[in-house]
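Sequence positions, counted from 1, serve as the residue numbers for this chain. Keep in mind the model is a prediction, meaning the values are calculated, not measured.
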Amino acid sequence: MKQFDAVVIGGGPAGMTAALYLARSELTVALVEKLSPGGQVLMTHFIENYPGYPDGIEGWKLADIFAKHIDAYPAIARYSDEVKSIEPREGAHKVLIGDEWIEARAVIICSGVRYKRVGIPGEKELLGKGVSYCALCDGNFFRGQDVAVIGGGNSALEESLYLARLVKKIYLIHRRDDFRAQRCYQDRCEVNTSIEILRSSVVDRIVGEDKVEAVEVRNLKTGEVKRIDVEGVFVFVGYEPQGGFFPPGMELDSTGFIVTDQNYRTSIPGIYAAGDVRSKNVRQVATAVGDGAGAASTVISYLETQGQL
Ligand SMILES: Cc1cc2nc3c(=O)[nH]c(=O)nc-3n(C[C@H](O)[C@H](O)[C@H](O)COP(=O)(O)OP(=O)(O)OC[C@H]3O[C@@H](n4cnc5c(N)ncnc54)[C@H](O)[C@@H]3O)c2cc1C
């Protein structure tokens, strides 16, 4: 069984930063990513609020720059597979990657989040047939057409602004009167002539046989239900942690995110969490990068005090 000082689970901004800091301290490090390095950044059209890029940067470009930085440290062992299980042990934890077990003295979980389903009839049935959770991946299929966007947070508004450049019309459907998104995104959506905002409204059903044909929208104040013809529906109604492999007994908050102390320690000694998967308020690239650096620094101190460095 291969042994490492530390294993980092997830190759998004948090995981790549953690691996970089650990490698620079000459620890033996494994970085595990089940898809492509970059995480959610790869699904983001344009990032305007990451310092160092005053004109903004496309998500895929930022992900590529992060990945190139990691490539400069060939000592990092890269695994392109999924972590399926962690078995906490005194001394060294066991981690199952695909069908291979490895051992690591410290584990940093940076597995991020996945987007939630809204849970309405038609959503599951029409997934990939007009229903999407990624504007950047699928927006192009709807050029010149009408689409609905469900949600009211940063992602919903940011992605509506991106879609507005491709599609004919967007119905931005939000169940509350006020948006949760940052003011700058709200202002831009409000003046965009391709975006019609439907507040205090919910989608009851996505209509269609082999492809999306319409949404049934209910106004929560008046009770009125109307059918709006659209070819696509983009869902951005929040996120949940990418788990399934968290060790039994690890403390989670009421929504399933990993609880840590301010030094990124979880309730299990030698296991840490960084980035969006952690229970916290702000989930952004900048905060994920900060978490990755902080968690790696705690791991370095932990291994030093254990006399293992
Ligand atoms: C549409 C959209 C727009 C956004 N816009 C902005 C913005 O403008 N500015 C900004 O700062 N932030 C933005 N964000 C948020 C930002 O992208 C995230 O906060 C950031 O990527 C979190 O980084 P992370 O490393 O914690 O997690 P993630 O980026 O989610 O990366 C986690 C990685 O872990 C991998 N993984 C998960 N489980 C396993 C497993 N079991 N085994 C192996 N690998 C696993 C995943 O494949 C993924 O690559 C946006 C996000 C989205 C989706």
Side-chain angles (χ1 to χ4, degrees), residues 10-17 33 35-70 110 112-116 131-174 179-197 230-239 242 275-276 280-292:
M16 285 199 270
T17 308
E33 170 53 56
L35 303 170
S36 303
Q40 294 165 68
V41 175
L42 281 174
M43 300 194 300
T44 305
H45 169 59
F46 206 66
I47 295 181
E48 294 176 353
N49 56 1
Y50 189 66
Y53 299 94
D55 300 324
I57 182 164
E58 282 145 309
W60 71 267
K61 272 193 194 158
L62 185 60
D64 195 47
I65 290 168
F66 283 164
K68 281 206 176 90
H69 205 155
I70 295 296
C110 306
V113 296
R114 73 176 132 246
Y115 277 75
K116 269 191 188 163
V131 174
S132 169
Y133 300 84
C134 179
L136 185 60
C137 323
D138 299 329
N140 230 0
F141 297 127
F142 302 95
R143 268 185 192 273
Q145 302 180 348
D146 292 349
V147 301
V149 170
I150 307 175
N154 280 333
S155 297
L157 272 65
E158 218 182 324
E159 298 310 290
S160 294
L161 290 165
Y162 166 67
L163 285 169
R165 293 199 250 141
L166 306 173
V167 305
K168 190 162 94 208
K169 173 148 191 180
I170 295 169
Y171 297 92
L172 174 56
I173 303 164
H174 180 42
F179 286 108
R180 277 175 289 118
Q182 288 171 23
R183 190 72 243 173
C184 61
Y185 296 131
Q186 294 186 39
D187 291 346
R188 284 190 231 164
C189 282
E190 273 158 14
V191 298
N192 193 306
T193 50
S194 303
I195 301 176
E196 181 176 336
I197 300 174
V230 289
E231 274 93 7
V233 178
F234 289 85
V235 181
F236 303 105
V237 293
Y239 32 72
Q242 294 215 63
D276 281 12
K280 61 177 187 173
N281 289 332
V282 183
R283 294 193 170 84
Q284 291 276 280
V285 180
T287 57
V289 163
D291 277 10

What pair of heavy atoms forms the shortest contact from [X] to [Y], and how long is it?
| X | Y | result |
| --- | --- | --- |
| S160 | L172 | OG-CD1, 3.7 Å |
| L163 | G139 | CD2-CA, 3.7 Å |
| L42 | P37 | CD1-O, 3.4 Å |
| P13 | F66 | CB-CE1, 4.0 Å |
| S132 | C134 | OG-N, 3.0 Å |
| D291 | G275 | OD2-N, 2.8 Å |

**Request:** Take F234 and F142 through the ring-ring contact (aromatic ring centres under 6.0 Å, His included) test and state the conclusion after the steps.
**Result:** CA-CA 11 Å; F234 289 85; F142 302 95; 5.5 Å; yes
**Message:** Y171 vs V230, test: side-chain contact (heavy atoms from CB on, under 4.5 Å). Steps then yes/no.
**Reply:** CA-CA 9 Å; Y171 297 92; V230 289; 3.9 Å; yes
[X] side, atom [atom1]; [Y] side, atom [atom2] - distance, nearest 0.5 Å:
| X | Y | atom1 | atom2 | result |
| --- | --- | --- | --- | --- |
| N154 | R180 | CG | CZ | 8.5 Å |
| L166 | H45 | CG | NE2 | 8.0 Å |
| M43 | D138 | CE | CG | 11.0 Å |
| F179 | I197 | CZ | CD1 | 4.5 Å |
| R283 | T287 | CZ | OG1 | 8.5 Å |
| C110 | M16 | SG | CE | 10.5 Å |

Measure the shortest side-chain to side-chain distance between [X] and [Y] over non-hydrogen atoms and say whether it is less than 4.5 angstrom.
| X | Y | result |
| --- | --- | --- |
| S194 | I170 | no |
| I57 | I65 | yes |
| V41 | Y50 | no |

**Request:** Please confirm whether the backbone N or O of G112 pairs with a side-chain atom of D276, one donor and one acceptor, at under 3.5 Å?
**Result:** no
**Asked** Counting distance only, does the side-chain N/O of Q186 pair as donor-acceptor with the main-chain N or O of A181 below 3.5 Å?
**Response**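 Indeed, once roles are kept as given, a pair shorter than 3.5 Å links the two residues.
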**Request:** Step by step, work out the side-chain contact (heavy atoms from CB on, under 4.5 Å) result for Q145 and V167.
**Result:** CA-CA 5 Å; Q145 302 180 348; V167 305; 5.6 Å; no
**Request:** Mind running side-chain contact (heavy atoms from CB on, under 4.5 Å) on Q40 and Y239 for me, showing each step along the way?
**Result:** CA-CA 12 Å; Q40 294 165 68; Y239 32 72; 5.6 Å; no
**Message:** Pair T44, E158 - check side-chain contact (heavy atoms from CB on, under 4.5 Å), show working.
**Reply:** CA-CA 9 Å; T44 305; E158 218 182 324; 4.2 Å; yes
**Prompt:** When you look at E190 and R183, which way does the salt bridge (charged side-chain N to carboxylate O under 4.0 Å, His left out) test go after all the steps?
**Reply:** CA-CA 10 Å; E190 273 158 14; R183 190 72 243 173; 3.5 Å; yes
**Asked** Under 3.5 Å, is there a donor-acceptor pair between the Y115 and S155 side chains?
**Response**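 Present: a donor and an acceptor within the cut-off.
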